[in-house]
Amino acid sequence: MSIKDNLDVVTDKINRACKKANRNLEDITLIAVTKTKPIEDMEAALEYGVLNVGENKVQEIRDKYEVFENKFKWHMIGHLQTNKVKYIVDKVDFIHSVDSIKLAKMISKEASKKGCEVNILVQINIAEEDSKYGISQSDAEEFIRDISILPNIKIRGLMTVAPYVDDPEDNRLVFRKLREICVDIKQKNIDNVYMDVLSMGMTNDYEVAIEEGSTMVRIGTAIFGKRNYAKG
Ligand SMILES: *Cc1c(COP(=O)(O)O)cnc(C)c1O
């Protein structure tokens, strides 16, 4: 299967999940997760209409940004170290993985220096897995209140990485929970807190995530095939 064929299949499934859930296709942003994938794959994705790409390494964003610049919107979806924020803050449209006050402050500081504004999502570890980054759901509101006062960042919503499961139905309640937290916090009408974005759903479970209200799906394998980490 070519990248084009894969994109057709994914788009079709997104479409069907939207119909099933009575949602509009325009409300879903497809983020093609290009981590570890070569420039040629990204060129193909661009050619077939992909506008948003997700990466999880700062160096990889820097290298690929040099090639594509603003032909894509860039999404940082991986764990981000504070000392590396400065390299990407003026390149990315969204940072999905904000999980500490220290990180939020650094993003705000570096964005202020560069005179840009960054959309951020707060990563929540719904399943409370030790192996995952993210703050616990019980801390979410206080965390968001604390960072909402920082300049040059916009708190757009929440992100989660659901557990790896064989049956995507097993993640339905994880996605539902994330949406509930989002709706709850939105209702508090906190300044600078928009809660219009829910980043949830990957290759294995994006259809269920869309049925449960996802607005950004992060899809790698279904578009580009398996990743080969040994090769880098
Ligand atoms: C790698 C990655 C994805 C994409 O995973 P696939 O299963 O290949 O679709 C999505 N989100 C995050 C945070 C990732 O690191």
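Position 1 is the first residue of the sequence; numbering continues from there. Just so you know, ligand 1 is whichever comes first in the structure, and atom 1 is the first atom listed for that ligand.
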More than 12 heavy atoms from other groups under 6.0 Å of CG on Asp167: yes
Atoms in ligand 1 flagged as close to Ile219, the criterion being non-hydrogen separation under 4.0 Å: 9 (O)
Among protein heavy atoms, which lies nearest [atom], and at what distance?
atom                    : answer
atom 14 (C) of ligand 1 : Lys35 NZ, 3.0 Å
atom 5 (O) of ligand 1  : Met202 CE, 3.5 Å
atom 9 (O) of ligand 1  : Thr203 OG1, 2.5 Å
atom 12 (C) of ligand 1 : Ile77 CD1, 3.5 Å
atom 11 (N) of ligand 1 : Arg218 NE, 2.8 Å
atom 8 (O) of ligand 1  : Thr221 OG1, 2.5 Å

Nearest atoms (heavy-atom pairs only) where Ser136 meets Ile124: C-CG2, 4.4 Å
Least distance between heavy atoms, Glu55 atom then Lys35 atom: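 Closest heavy-atom pair between Glu55 and Lys35: OE1-CA, 3.2 Å.
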Cationic N near anionic O, under 4.0 Å, Glu141 to Arg145: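 Yes, Glu141 and Arg145 are salt-bridged.
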Ionic contact status for Lys64 with Glu60, cut-off 4.0 Å: yes
Under 3.5 Å: N/O of Arg227 near N/O of ligand 1: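 Yes, there is a polar N/O contact under 3.5 Å.
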Gly220 N/O to ligand 1 N/O under 3.5 Å: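 Between Gly220 and ligand 1 (N or O atoms, distance only) the closest approach is under 3.5 Å.
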Ligand 1-proximal atoms of His96, by part, heavy-atom distance under 4.0 Å: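 No part of His96 is near ligand 1 at this cut-off.
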Derivation and outcome, salt bridge (charged side-chain N to carboxylate O under 4.0 Å, His left out), residues Arg172 and Glu211: CA-CA 9 Å; Arg172 187 177 289 280; Glu211 287 169 31; 2.8 Å; yes
Partner of Tyr48 by side-chain contact (heavy atoms from CB on, under 4.5 Å), out of Leu7, Asp8, Ile223: Leu7
